[in-house]
Amino acid sequence: MTARTRRFLLCPPTYFDVTYSINPWMEPAKPTDGALALAQWERLRSLLIGLGHTVELIDPLPGLPDMVFAANGATVVGGRVYSARFRHAQRAAEGPAYAEWFRTHGFPVHDADHVNEGEGDLLAAGDRILAGTGFRTDARAHEEAARVLDRQVIGLHLVDPRFYHLDTALAVLDDDQIMYYPAAFSARSQDVLRRLYPDAVLADEQDAEVFGLNAVSDGRNVLLAPQAVHLARELSARGFVPIGIDLSELLKAGGSAKCCVLEVRES
Ligand code: ARG
């Protein structure tokens with residue numbers, strides 16, 4: 001297993017909170033601890049830097065408590081940026097904010113016509129993009145992404161509302177390997193995944209429920225929830241290095257490690 005150094009964009013959880021509910025994990029009545037959220041996020045950032053990756057930051061905006069989930073901000077492949085267009089009004093302003101960051105940093109940005117939540121549902125895997133639909137991203141965005149990013153797109157149907165984004169049910173480990181929780185997908189999509197990735201690492205329900213699949217892999221090191229013990233064992237057995245990162249505060253909003261990280265792929 002070889003790690004490839006990555007460029008990542010993160011957003012500090014300055015305004016993080018759970019003030020509305022757009023997925024089954026979010027309970028606005030339950031208190032959040034801002035200081036703990038920040039400490040957990042800081043640890044994620046320092047782990048990434050410690051592994052040799054480049055971490056850049058976007059300024060968080062007041063009134064956007066989910067902006068910490070940078071993965072949803074855009075999809076960047078081959079130096080091209082496909083902007084996000086959020087399903088829910090509460091997050092709508094995040095799309096233009098991330099698009100602006102990329103424009104300012106010299107990237108060409110295509111403003112999306114169709115609803116899509118960035119890398120939450122569009123995961124680059126080698127030469128293809130695995131694309132989720134069912135809860136957030138419109139299937140028409142899959143075609144748009146294929147055109148804009150010039151990659152083959154494989155559409156996958158999510159069926160369990162707990163796993164409303166593709167990155168909560170599947171993680172790309174390197175160009176050819178993935179891990180996923182089969183029951184989060186329709187029967188047809190399970191067939192597609194089995195055919196494309198016969199040797200995939202399969203997560204069990206407990207791994208998925210603790211958001212173990214919401215993992216960040218650099219091809220060797222895999223940052224994931226420490227509670228995903230079965231998954232960590234499976235990864236070690238394949239030669240990956242699992243690294244536990246507890247983001248329990250962010251889980252109250254339905255997110256974990258991968259949600260906080262947007263990969264800036266220049267090639
Ligand atoms: N509260 C956010 C939402 O429901 C969480 C987003 C998590 N991000 C992710 N990439 N899965 O939109």
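In listed order, ligands and their atoms are each counted from 1. Sequence positions, counted from 1, serve as the residue numbers for this chain.
Each of the following atoms of ligand 1 lies closer than 4.0 Å to a heavy atom of G120: 10 (N). In summary, the atoms of ligand 1 found under 4.0 Å from a heavy atom of M26, numbered by their order in the structure, are 1 (N).
Scanning the protein heavy atoms around atom 9 (C) of ligand 1, the nearest turns out to be C259 SG, 2.7 Å.
Residue contacts with ligand 1: G254 is placed with no nitrogen or oxygen under 3.5 Å of a nitrogen or oxygen of the ligand (distance criterion only). The shortest N or O to N or O distance between T168 and ligand 1 is not below 3.5 Å.
Here the closest heavy-atom approach between residue K258 and residue E119 is recorded as NZ-OE1, 2.6 Å. In terms of heavy-atom proximity, A253 sits nearest to N23 at O-ND2, 3.0 Å.
Residue contacts with ligand 1: R136 is included, with a non-hydrogen atom under 4.0 Å away. For Y164, the heavy-atom gap to ligand 1 drops under 4.0 angstrom.
Taking the centre of each ring, F107 and F102 come in below the 6.0 Å mark. Outside the 6.0 Å centre-distance limit, the rings of W41 and F16 are not counted as a close aromatic pair.
Of the listed residues (E94, E119, R91), the one carrying the non-hydrogen atom nearest atom 3 (C) of ligand 1 is R91. Relative to atom 11 (N) of ligand 1, the option among D167, L166, D66 with the closest non-hydrogen atom is D167.
Heavy-atom neighbours of R7 CZ from other residues, nucleotides or ligands within 6.0 Å: above the threshold of 12.
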Kindly indicate, with the supporting measurements, whether the criterion side-chain hydrogen bond (donor to acceptor under 3.5 Å, both in side chains) is fulfilled by S21 and E27. CA-CA 6 Å; S21 181; E27 293 178 46; over 6 Å; no

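Salt-bridge annotation for D160 and R162: present, with a side-chain N of the basic residue lying under 4.0 Å from a carboxylate O of the acidic one.
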